[in-house]
Structure formats: C-alpha cells, structure tokens
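Note that this is a predicted model, so its numbers are computed, not measured.
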Amino acid sequence: GEGGEGVEAAAGEEELRKPDLGRALLLYRRALRLGHWRAPLALAQFHDPGTVVTPPSHAQSSYFRSHKNCFLAATYYHEFTRQRSEWGDCAAVAAAALKTRNDPHLALRNFAVLASQGSGG
C-alpha cells in the first residue's frame with residue numbers, strides 16, 4: 001500500500017544521492033571535448049594518485065583506484081595551466097585595443113573569448 005511506496009521513493013532518492021564516479025568521469029571527458037575550462041582540472045584531480053579523495057563507497061573504491069594515472073593527471077594539469085596562461089594575453093590584447101588602438105571591436109572579440117572560457121578577467 002501507501003507505506004511501501006514511501007519506502008521505495010525514499011530508497012530511490014538515496015540512490016540518486018550516491019556519487020557515480022564512472023558517470024562523473026564520462027561527463028568531465030565530454031566537458032573537456034566541448035571546451036569547458038574546468039574539465040582539465042577535474043580530470044587531473046580524478047587521475048592524480050597524490051590527490052586525497054575518499055571514494056564514496058567501498059564498492060566504488062576499486063574503480064576509483066584503477067583510474068589513478070600520473071601521466072594522465074600531468075597531461076590534464078598541463079592543459080589546465082596552458083589554457084589559463086593564455087587568458088592573460090587575451091585580456092592584455094583587449095585592454096590595449098581600447099587604450100592605445102581605440103579598437104572596440106577587437107576588444108569586444110577578446111573579452112568575448114575570455115567570457116566563453118569562463119574567466120572573469
């Protein structure tokens with residue numbers, strides 16, 4: 001009856017709250033392909049054996065450990081750092097376009113690039 005449905009609903013909600021590391025990894029990889037600026041950092045931390053992250057359950061701990069990989073972590077950290085270091089150049093070009101060249105269109109294009117990458121400037 002009604003009591004059983006409430007128990008089932010509560011169990012379903014509990015299941016939704018459990019982290020799914022495999023799904024998270026898949027979504028971050030997809031975000032990386034789509035160019036989201038935080039994806040390389042999240043993937044680096046996921047693969048970094050030196051990052052202390054407690055797996056959410058014993059069942060997922062072996063899955064989590066099996067994806068630790070120094071090379072992948074270093075590759076993603078490098079990508080994240082490379083992207084972030086380019087933002088300063090883009091901001092400098094935009095500022096110079098306004099200040100010295102009086103080119104608002106060039107400035108707008110560069111600020112739009114920064115905004116699309118997630119940088120606040």
Side-chain angles (χ1 to χ4, degrees):
E2 290 178 28
E5 290 172 6
V7 171
E8 288 177 20
E13 289 174 13
E14 183 64 31
E15 191 62 31
L16 288 175
R17 279 181 254 175
K18 289 182 183 176
D20 182 344
L21 296 177
R23 178 103 173 115
L25 183 58
L26 173 73
L27 292 173
Y28 275 119
R29 285 179 179 158
R30 187 175 298 159
L32 180 68
R33 280 195 312 273
L34 294 173
H36 194 283
W37 72 276
R38 287 186 186 170
L41 180 60
L43 288 166
Q45 291 171 333
F46 184 87
H47 290 290
D48 187 349
T51 302
V52 178
V53 178
T54 304
S57 71
H58 179 69
Q60 290 190 352
S61 64
S62 61
Y63 176 87
F64 186 77
R65 281 194 303 272
S66 70
H67 283 79
K68 293 295 187 179
N69 181 313
C70 286
F71 178 77
L72 281 176
T75 301
Y76 289 127
Y77 280 130
H78 177 266
E79 178 65 17
F80 178 75
T81 304
R82 185 192 63 75
Q83 288 175 359
R84 294 286 296 188
S85 67
E86 291 174 358
W87 290 357
D89 295 340
C90 194
V93 168
L98 283 177
K99 190 173 186 178
T100 59
R101 295 177 56 197
N102 196 21
D103 188 345
H105 293 100
L106 178 60
L108 179 61
R109 282 193 304 271
N110 280 277
F111 284 129
V113 168
L114 287 174
S116 71
Q117 293 174 341
S119 175

side-chain contact (heavy atoms from CB on, under 4.5 Å) between His47 and Leu25, worked out: CA-CA 10 Å; His47 290 290; Leu25 183 58; 3.9 Å; yes
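Taking every heavy atom of both residues into account, Ala107 and Ala97 meet most closely at N-CB, 3.8 Å. Closest of all the heavy-atom pairs between Ala39 and Leu32 is CB-N, 3.5 Å. The minimum heavy-atom distance linking Arg82 with Glu79 is given by the pair NH2-OE2, 2.7 Å.
Val93 and Leu98 are members of different hydrophobic clusters when ILVMFWY side chains are connected at heavy-atom separations under 4.5 Å.
The closest side-chain donor-acceptor pair between Asp48 and Tyr77 falls under 3.5 angstrom.
For Tyr28, the OH atom is loosely surrounded, since the number of other residues' heavy atoms within 6.0 Å does not exceed 12.
Rounding to the nearest 0.5 Å places CH2 of Trp37 at 5.5 Å from CZ of Phe80. Rounding to the nearest 0.5 Å gives a distance of 12.0 Å between CG of Leu27 and NE2 of His36.
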